[in-house]
*Asks:* 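If you scroll down you'll find the structure; I have some questions about it.
Predicted model, so just to flag it, every value in this text is computed and none were measured.
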Amino acid sequence: MAELTSEQLKPAFSIEQFTALSKIEPIPFAALQPRAISGIKRLASFDGDCPVMLLNGFPGADYEGVCQTLIAASNGRDGDLFDLCYTENLNNPFKPIWLRLQPGSGVEFCEMVGELLKLMSHHLDAERLVTRIMRKQNNDPKIDDFLSDLAAHVAQGLEFQHPVLINLLIHHEEQEAPVIYGRDLNWDTLFGSINYQTEQGSVYANQHLLEPGLLRQANGGYLILQLDELLDQPHLWFKLKNAIQKGELDWNAYQEGKTLTPFFTPEATPIRLKLILVGDRLEVSEFQMLDRDMSERIFLRADLVSEVNIEEDLPEFLQYLAWIRERWALLDFTPAALAALCRHASRLCDHQEWLSLSEIQLGAIMRMADSLAREMEADTVTDEHIRLAQEEQDYRLNYLVEQSDQGVIDGQILLQTDDEEIGQINGLSVIQVSGHPYDFGEPVRLTATVHLGDGDIADVERKAELAGHIHAKAMMIIHGYLSNKFGAETPSPLSANLVFEQSYHEIDGDSASLTGLCALLSALARQPIYQHFAVTGAVDQFGNVQAVGGVNEKIEGFFRVCKIHGITGKQGIILPGTNIQQLNLSDEVIAAIEAGQFHIHPVDHVEEAIELLTGCVAGEPDMPGTLFGRIQQRLDELNGTAFKGGLLRRLLGRLFGL
């Protein structure tokens, strides 16, 4: 494949695609979530039970905003909405009962019952008022029974436990389905509690000492809970699961000692709500391990997407940026600034055709650029302000990168970016540091040596237990390729050692398999490798080069080292051709490539890579004079199967490795 041009190293945005951000109609993050919209609409259509929906998201997602927005737009049913009150049980004062009232009628119901008590206590006719109450409550039979018991209680001159008969726990004045997002959960905040009072050494409770909890408050509406809080307190989930399956919630306390008056047991409350559980995929996986039974029962699921396609969704993405601007009251953004923002969003995705929807990261750059623009007394945010904001952010976070480069500057880390060496090659790695917000590239030197043996490849990292399983698999694939290429008919008499030099921490992944294979081919052929190249890529057993991750960080990491050693104009990168779409390099690297000072070569097969690295034709094992032919001839001579030529040929072979 041809060397890449500067136009292929970043997304192709043009200023003509954009307009000032103030001229764009804003839309929220939720509007870019078609899967979640479909899921919420289906959830809103359910009625009569307690359906559960699982919303799979990603770290940093605004679950509350998404759910609030989509529920408001869903036009779902609200037939389960009701006010809830608890009143004294006139037959057993230690077991208060609930009354289910028409939504929004709770306050009026309490006032009418108070008026009814006055009429009854003065022995006045209350039949018309009772009829009015029953008509407003749709002739609820439980309310009818309560009013009958109340009339008998007053007629007998009996006392009440509390001067105010009714405790209105839940009142929907707006008659709209509640949408409650649970935070800082514990037993009492989620399921409610019974408070107790002490008087003259006696502990007592009544219906006015009941706290409803989020689950009762969400009756007739939606309750949204984060999976991480349920995973931290599994007992909350199993209590919640039991309540939604039974359709009722009791008043049991979590701690046994907290029930100071075990004989005070209010009637269990009916539960009719829609539950939405939100969390990222790791939390969903842990949740499935916590309760396999319930995870299978949650049949309604939806995904929040973190990326959108440029070709299909660019207008909507710009509307989303307009929403972020409006949310934080930022200055207007010019078309050039929007192009820079889109390029940044594409870099976050590691793909030229996709844009990240991460509100936290996009909002951070927009707010920093806005702050810089205001400092400079600018009326709008330009691409220059975006660039300065990114540079400031990089400066604040690049201490570890500088420490990594210092080892190269001091000569403590041995890396070559010029000359030639046999069995030595520059690899590319990505460093991930726990607690650090982003990864960075760091070149690494791989060396290979060969010796008489049984054809095995000794991976020093694996033997030293410094390699993960994927890395071990990659080394086995390298062995498979070499065995297939050169040892299909006769076993190889050479063994090899492959090592990551000056690597003192665990490594994993298969992105160094192309690098290691080229180093081994160099050692087997006794052919030096150009050190001005660095290589990344995975391979299969047939030598096909496969895509790897972190290509931008890897390229920029090697470019930093080349700057330290001095740019020669020959240095460059060899990477998989399938990684071209992931390229989104810094302006500095692109400028060097435009000036012909740095080069990027995509390859599809190991033969292309080894030819670039050595300047020799790879050829085939049965082609004398080619790189692979020389390797095969060397193996045949060691096996004793090579053609026996004259004395001159053998001498020349020993001198020149033929």
*Asks:* Heavy-atom distance under 4.5 Å between the side chains of Glu375 and Leu372, does that happen here?
*Replies:*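 Yes, side chains in contact.
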*Asks:* Sort and list the pairs that fulfil side-chain hydrogen bond (donor to acceptor under 3.5 Å, both in side chains) and have at least one residue in residues 277-288, not counting sequence neighbours.
*Replies:*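 side-chain hydrogen bond (donor to acceptor under 3.5 Å, both in side chains) check on residues 277-288 returns Arg281-Asp303.
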*Asks:* Within the 3.5 Å criterion, strictly below it, is a donor on Gln416 or Gln424 matched to an acceptor on the partner's side chain?
*Replies:*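 Yes, because at least one side-chain N or O of Gln416 sits under 3.5 Å from a partner of the opposite role on Gln424.
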*Asks:* Under a 3.5 Å threshold, yes or no: a donor from one side chain and an acceptor from the other, between Ser429 and Glu442?
*Replies:*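 No donor-acceptor contact under 3.5 Å links the two side chains.
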*Asks:* Give a yes or no on whether the backbone of Ile610 and the side-chain of Thr614 come within a donor-acceptor separation of less than 3.5 Å.
*Replies:*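 A pair under 3.5 Å: yes.
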*Asks:* How far does CG of Leu357 sit from CD of Gln33, to the nearest 0.5 angstrom?
*Replies:*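 Those atoms lie 6.5 Å apart.
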*Asks:* Applying salt bridge (charged side-chain N to carboxylate O under 4.0 Å, His left out) to Arg325 and Glu25, what does each step give before you reach the verdict?
*Replies:* CA-CA 11 Å; Arg325 170 185 172 266; Glu25 183 70 23; over 6 Å; no
*Asks:* Output yes when a side-chain donor or acceptor of Gln68 lies under 3.5 Å from a complementary backbone atom of Glu64, and no otherwise.
*Replies:*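 Checked: no pair found.
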*Asks:* Quick one: pull up OG1 in Thr447 and CG in Leu498 and give me the separation to the nearest 0.5 Å.
*Replies:*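 Here the interatomic distance stands at 7.0 Å.
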*Asks:* Can you tell me how far CG of Leu446 sits from CD1 of Ile529, rounded to the nearest 0.5 angstrom?
*Replies:*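 That separation rounds to 10.0 Å.
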*Asks:* Could you list all the side-chain hydrogen bond (donor to acceptor under 3.5 Å, both in side chains) pairs where at least one residue sits in residues 534-548, not counting sequence neighbours?
*Replies:*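 The answer is Thr536-Lys554, Asp540-Asn544.
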*Asks:* How long is the span from the CD atom in Gln17 to the CD1 atom in Ile310, to the nearest 0.5 Å?
*Replies:*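 Gln17 atom CD to Ile310 atom CD1 measures 8.5 Å (nearest 0.5 Å).
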*Asks:* Check whether Asp332 reaches the backbone of Thr380 with its side chain - one donor and one acceptor, N or O, closer than 3.5 Å.
*Replies:*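 No: the side chain of Asp332 does not pair with the backbone of Thr380.
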*Asks:* Side chains of Pro602 and Leu4, heavy atoms from C-beta outward: is any pair under 4.5 Å?
*Replies:*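 Yes. Closest side-chain heavy atoms under 4.5 Å.
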*Asks:* Regarding Glu553 and Tyr438, do their side chains bring together a donor and an acceptor under 3.5 Å, going by distance alone?
*Replies:*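 Per modelled atom types, Glu553 and Tyr438 side chains form no pair under 3.5 Å.
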*Asks:* Without hydrogens or angle criteria, can the side chains of Glu353 and Gln581 be said to hold a donor-acceptor pair below 3.5 Å?
*Replies:*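 Result is yes, a qualifying pair exists.
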*Asks:* Minimum heavy-atom separation for Gly427 to Thr515, with atom names?
*Replies:*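 Closest approach of Gly427 to Thr515: CA-CG2, 3.7 Å.
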*Asks:* Decide salt bridge (charged side-chain N to carboxylate O under 4.0 Å, His left out) for Arg387 and Asp383; before the verdict, give the C-alpha distance in whole Å, the side-chain angles of both, and the deciding distance to 0.1 Å.
*Replies:* CA-CA 6 Å; Arg387 184 185 65 79; Asp383 56 331; over 6 Å; no
*Asks:* Distance only, no hydrogens: is a donor on one side chain within 3.5 Å (strictly under) of an acceptor on the other, for Asp410 and Gln406?
*Replies:*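 Asp410 vs Gln406: donor-acceptor pair found between side chains.
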*Asks:* Would you check if the distance from the ring center of Phe559 to the ring center of Phe598 is below 6.0 Å?
*Replies:*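 Under 6.0 Å, so yes.
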*Asks:* Say whether Thr417 and His565, considering side chains only, have a donor N or O and an acceptor N or O under 3.5 Å apart.
*Replies:*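 On atom types as modelled, these side chains qualify, holding a pair under 3.5 Å.
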*Asks:* Whether Lys570 and Asp418 form a salt bridge (side-chain N of Lys/Arg under 4.0 Å from carboxylate O of Asp/Glu) is what I want to check.
*Replies:*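 Salt bridge flag = yes for Lys570 with Asp418.
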*Asks:* Going by atom types alone, do Asn309 and Glu311 pair a side-chain donor with an acceptor below 3.5 Å?
*Replies:*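 Checked: Asn309/Glu311 side chains show no N/O donor-acceptor pair below 3.5 Å.
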*Asks:* Do Phe317 and Leu362 have side chains that get closer than 4.5 Å, going by heavy atoms?
*Replies:*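 Touching, per the 4.5 Å side-chain cut-off.
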*Asks:* Going by atom types alone, do Asn584 and Arg343 pair a side-chain donor with an acceptor below 3.5 Å?
*Replies:*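 Note: Asn584 and Arg343 side chains meet the donor-acceptor criterion.
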*Asks:* What class does the angle between the rings of Phe533 and Tyr530 fall in, given that below 30° is parallel, 30 to 60° is tilted and above 60° is perpendicular?
*Replies:*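 Ring orientation, 0 to 90° scale: tilted.
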*Asks:* Using a 4.5 Å cut-off on heavy atoms from C-beta on, say whether the side chain of Val278 contacts that of Leu304.
*Replies:*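 Answer no - side chains too far apart.
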*Asks:* Main chain of Ala618, side chain of Glu611: is a donor-acceptor contact present, judged purely on distance under 3.5 Å?
*Replies:*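 Yes, because the side chain of Glu611 sits within donor-acceptor range (under 3.5 Å) of the backbone of Ala618.
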*Asks:* Can you tell me how far apart CZ (Arg347) and SG (Cys342) are? Round to the nearest 0.5 Å.
*Replies:*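 Here the rounded value is 16.0 Å.
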*Asks:* Check whether the side chains of Glu7 and Thr5 place a donor and an acceptor atom closer than 3.5 Å, and report yes or no.
*Replies:*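 Per modelled atom types, Glu7 and Thr5 side chains form a pair under 3.5 Å.
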*Asks:* Would a 4.5 Å heavy-atom cut-off, applied to side chains only, mark Leu300 and Leu43 as touching?
*Replies:*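 Yes. Closest side-chain heavy atoms under 4.5 Å.
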*Asks:* Without hydrogens or angle criteria, can the side chains of Arg396 and Gln393 be said to hold a donor-acceptor pair below 3.5 Å?
*Replies:*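 Distance-only check passes for Arg396 and Gln393.
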*Asks:* Decide whether His599 and Gln571 meet the rule of one side-chain donor and one side-chain acceptor closer than 3.5 Å.
*Replies:*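 No pair is found: no donor N or O on one side chain lies under 3.5 Å from an acceptor on the other.
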*Asks:* Hey, what do you get for CG (Leu338) to CZ (Phe13), rounding to the nearest 0.5 Å?
*Replies:*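 Reported to 0.5 Å precision, the distance equals 10.5 Å.
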